[in-house]
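To start, the structure itself, in structure tokens.
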There are 2 protein chains.
Amino acid sequence: MLDERSTITLNDVARRAGVSPMTVSNVINGTRNVRPATRQRVLDAIAQTGYRVNPLARSLAGGHNRMISVFTPKLNRPYAAEVVQGAAEAAERLNYDLVVMMLSPNSTSDFSMMSRLSVGALLIQPSRQAPWFSADLPPHVVSVDGPSAHPLTVDNYGGACSAMQHLLTLGHTRIGFISGLEAEPDIQNVSTSNAPYERNDAHERFRGYRESLARAGLPLLPDYVQHGDFTKGSGERAAKTLLRLPVPPTALFVSGDAMALGALHTAQDLGLKVPGEVSIVGFDDLPMATASRPGLTTVRQPLLHMGEVAVQILAALESGTEVPPPAPFPTELIVRESTARP
Amino acid sequence: MLDERSTITLNDVARRAGVSPMTVSNVINGTRNVRPATRQRVLDAIAQTGYRVNPLARSLAGGHNRMISVFTPKLNRPYAAEVVQGAAEAAERLNYDLVVMMLSPNSTSDFSMMSRLSVGALLIQPSRQAPWFSADLPPHVVSVDGPSAHPLTVDNYGGACSAMQHLLTLGHTRIGFISGLEAEPDIQNVSTSNAPYERNDAHERFRGYRESLARAGLPLLPDYVQHGDFTKGSGERAAKTLLRLPVPPTALFVSGDAMALGALHTAQDLGLKVPGEVSIVGFDDLPMATASRPGLTTVRQPLLHMGEVAVQILAALESGTEVPPPAPFPTELIVRESTARP
DNA sequence: TTGAAAGCGGTACCAT
DNA sequence: ATGGTACCGCTTTCAA
């Protein structure tokens with residue numbers, strides 16, 4: 001109720017309770033045994049003064065905060081939002097505090113501040129060339145869709161194959177592909193290394209397309225491959241190009257839901273029936289995949305679950321447990337209404 | 001280049017440069033004049049050691065940090081994501097760092113921790129009964145769609161009227177309404193106060209519906225009013241009820257885009273043509289409003305802009321400027337393809 | 001123009 | 001079971 005403005009310190013509490021600062025610290029952190037009576041006096045003093053620890057001071061002095069930071073690019077991208085939501089739920093369950101920072105190229109000072117306050121970090125789509133990549137990070141780091149000490153990967157290749165298998169089984173032989181490679185400036189560098197986490201998502205999906213085609217004995221037509229940047233707009237452009245070909249594909253495998261929706265709408269706007277005249281398969285299964293008519297057939301990535309696992313790993317790491325590199329998360333083909341026989 | 005693990009402190013730099021720690025501090029912060037020669041020696045020492053300031057220590061010692069917290073419920077709700085994105089852009093421009101925390105009903109400790117570190121907070125859809133509402137907040141607080149010292153409001157009433165006007169002008173006389181009131185447990189309490197920020201969004205939209213009807217000389221049919229909770233599912237349920245009425249409405253005004261999309265799909269699934277047999281108007285203009293076919297006619301709230309203004313106000317507040325309560329943000333009717341003459 | 005000393009608010013370590 | 005003390009890394013205040 002009272003709005004004490006001048007900061008109350010641990011010493012104030014100690015004085016009020018008639019004990020030493022150390023005892024107060026111990027009560028707060030449960031570091032050592034404290035006689036119940038003393039403990040209660042301290043608790044009362046805390047309540048009466050409205051004392052709250054200063055996390056800065058605690059960290060500076062070597063203490064630990066139960067905080068996990070999430071570093072992500074733009075948050076209004078559904079991909080990130082889903083992962084963060086999953087992480088938040090796990091964090092709450094495990095009694096960690098989750099804070100999210102959106103990284104901009106310039107800010108580094110407060111970024112490193114959050115780093116120092118945190119026991120671990122979850123990096124969402126980090127890129128090696130980001131300035132903060134080399135900056136100081138918390139003791140433990142897990143990443144999603146990008147490199148780190150503990151990268152979480154998805155079976156993008158397998159997912160792409162299942163999407164292609166679905167279309168091939170339906171009887172499609174002219175299948176176009178829209179990649180997300182336009183959004184991957186790292187392409188050059190990646191090829192120099194073959195550490196598992198360097199296989200980025202966009203590449204793996206393309207590989208699934210190529211190899212599925214080959215296995216089915218179908219040719220890889222350069223005209224049938226377009227590149228987008230995961231945005232709806234780029235999907236629209238790519239689809240327009242593909243569907244206006246002299247011999248257009250009867251099916252499109254699009255490596256992101258937003259782009260797939262763009263393709264779907266483009267097809268409809270071109271007067272083509274989906275799935276009657278064109279079938280479309282997406283990738284991700286973002287919430288928006290159900291927001292279209294027809295509903296989008298797509299490959300689900302367990303984004304919420306990945307967020308949860310990321311936090312669980314961080315928690316394990318902090319408790320000293322060895323954590324083996326987790327197996328790639330499986331994907332699942334979700335068949336809705338945007339696919340049919342040619 | 002070198003990956004020094006043991007932390008390099010300001011003292012290390014001072015020793016190496018043969019000056020006092022104070023001088024190093026002054027060079028770094030430009031606090032006082034330093035003789036160019038000395039300055040250069042310090043700079044060299046910093047470069048050689050790879051020294052980086054410890055923001056924790058700096059803050060503790062009295063420095064100011066430029067951090068703003070955003071407190072929001074679930075982040076994967078597009079509404080919040082948009083506001084946060086707007087805030088992030090403004091923050092970057094004004095050289096603040098934004099951290100986002102998702103509040104869960106229980107946790108309060110984490111919350112107060114960030115509060116201490118921030119110069120200001122942006123509350124998204126806060127509710128009075130949340131436990132943390134009475135907890136300590138940063139010096140300055142701005143809110144969006146909820147109460148605070150500096151609430152940002154939208155002209156929900158006007159927006160609702162413009163939506164209704166659109167339908168009425170088109171010639172509709174049987175207009176159904178889906179509210180968001182089911183998601184507002186505060187309803188009781190609100191009526192006891194009449195401070196401007198207590199008029200919550202869902203109520204104002206309903207008022208716009210009611211009064212527009214009255215002005216047009218049309219009756220308010222209880223059957224034509226259903227309540228949802230802003231989720232797609234609730235929109236589907238409500239629409240099903242409305243469209244199965246013996247004499248169903250020819251148009252639906254839905255007070256949220258997610259619900260509106262649910263209604264749209266329900267109509268389509270019921271075999272009704274949109275907008276041929278049913279017209280639908282939403283509210284919010286979330287990104288998903290363009291992700292349907294037909295595109296959703298809706299009332300735009302300037303969410304990105306509101307996020308930006310929120311941060312601007314916080315910045316002004318911090319610099320000691322008096323900030324008058326901002327005028328309600330205007331809405332704008334975005335006409336797409338989901339509405340037509342009856 | 002530069003330096004020395006005293007904290008900021010905690011925690012770790014060694015005593016008692 | 002509790003207390004004293006020395007810092008964590010930096011800035012502020014006061015002196016030189």
Side-chain angles (χ1 to χ4, degrees), chain A residues 4-43 45-46 49-67 109-110 112-113 115-119 136 138-139, chain B residues 4-43 45-46 49-66 109 112-113 115-117 136:
Chain A
E4 291 290 331
R5 249 309 155 233
S6 56
T7 330
I8 298 140
T9 77
L10 186 147
N11 282 289
D12 299 333
V13 176
R15 208 170 314 128
R16 205 168 203 302
V19 297
S20 84
M22 258 330 294
T23 304
V24 177
S25 174
N26 289 325
V27 167
I28 293 174
N29 300 305
T31 319
R32 306 193 291 202
N33 270 346
V34 176
R35 198 190 322 146
T38 315
R39 171 192 198 68
Q40 192 52 52
R41 254 188 309 147
V42 171
L43 254 23
I46 289 178
T49 53
Y51 166 77
R52 335 212 70 152
V53 302
N54 180 337
L56 261 49
R58 170 185 281 172
S59 275
L60 220 213
H64 277 306
N65 291 309
R66 293 185 65 80
M67 187 161 104
S109 135
D110 278 328
S112 81
M113 167 148 156
S115 274
R116 290 176 192 245
L117 291 174
S118 310
V119 296
D136 54 359
Chain B
E4 292 290 334
R5 245 312 154 230
S6 57
T7 331
I8 298 141
T9 76
L10 187 147
N11 282 290
D12 299 333
V13 176
R15 209 169 315 127
R16 205 169 204 300
V19 297
S20 83
M22 255 331 293
T23 304
V24 178
S25 174
N26 288 326
V27 168
I28 293 174
N29 300 304
T31 319
R32 305 194 292 201
N33 271 347
V34 177
R35 200 189 323 145
T38 317
R39 170 192 198 67
Q40 193 52 53
R41 254 187 310 145
V42 171
L43 255 22
I46 289 178
T49 53
Y51 166 77
R52 332 206 24 207
V53 302
N54 180 337
L56 262 48
R58 171 184 280 174
S59 272
L60 220 212
H64 268 306
N65 44 16
R66 301 177 63 79
S109 66
S112 74
M113 154 157 167
S115 281
R116 301 198 54 144
L117 300 179
D136 58 353

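Throughout, a chain's letter reflects where its sequence line sits, starting with A, and its residues are numbered from 1.
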- line: So salt bridge (Lys or Arg N to Asp or Glu O under 4.0 Å) across residues 13-25 of chain B, not counting sequence neighbours, yields B:D12-B:R15
- line: Scanning both residues in full, the closest heavy-atom pair of A:I46 with A:T49 reads O-OG1, 3.2 Å
query: Whole-Å distance between D:dC10 C1' and B:N11 CG?
result: 9 Å
query: Between atom CG of B:N33 and atom CZ of B:R39, what is the distance when rounded to the nearest 0.5 Å?
result: 9.0 Å
query: Considering only heavy atoms, which members of residues 16-34 of chain A lie under 4.0 Å from some atom of DNA chain D?
result: A:V19, A:S20, A:M22, A:T23, A:R32, A:N33, A:V34
message: Suppose we screen for side chain to side chain contact (heavy atoms under 4.5 Å, CB included). Which residues come up paired with A:V53, at least two apart in sequence or across chains?
response: A:I28, A:Y51, A:R58
message: What is the distance, to the nearest angstrom, from the CE atom on A:M113 to the C1' atom on D:dC8?
response: 15 Å
query: What's the shortest heavy-atom distance between A:S118 and A:P138, and which atoms?
result: O-CB, 3.6 Å
statement: B:R32 meets the salt bridge (Lys or Arg N to Asp or Glu O under 4.0 Å) criterion, sequence neighbours left out, with none
message: Measuring from atom CE of A:M113 to atom CG of A:L117, what distance do you get when rounded to the nearest 0.5 angstrom?
response: 5.5 Å
query: Between D:dC8 atom P and A:H64 atom NE2, what is the distance in whole Å?
result: 17 Å
task: Have a look at the helix from C:dT1-D:dA16 to C:dT16-D:dA1 and give the angle its two end axes make, five pairs each, rounded to 10 degrees.
output: 30°
- request: Measure across A:N11 and A:P21 and return the closest heavy-atom pair with its distance rounded to 0.1 Å.
  value: OD1-CG, 3.2 Å
message: Measure CZ/B:R58 against P/D:dC8 and give the value in whole Å, please.
response: 19 Å
field: Separation of A:T23 OG1 from A:R35 CZ (nearest 0.5 Å)
entry: 10.0 Å
First and last nucleotide of DNA chain C, 5' to 3', lying under 4.0 Å from heavy atoms of chain B: C:dT1 to C:dG9
query: What pair of heavy atoms forms the shortest contact from B:A14 to B:S20, and how long is it?
result: CB-C, 3.8 Å
- prompt: Given atom CG of A:L60 and atom P of D:dG9, what is their separation to the nearest angstrom?
  reply: 7 Å
message: Would the distance check show the side chain of B:N54 and the main-chain N or O of B:L56 forming a donor-acceptor pair, the cut-off being under 3.5 Å?
response: yes
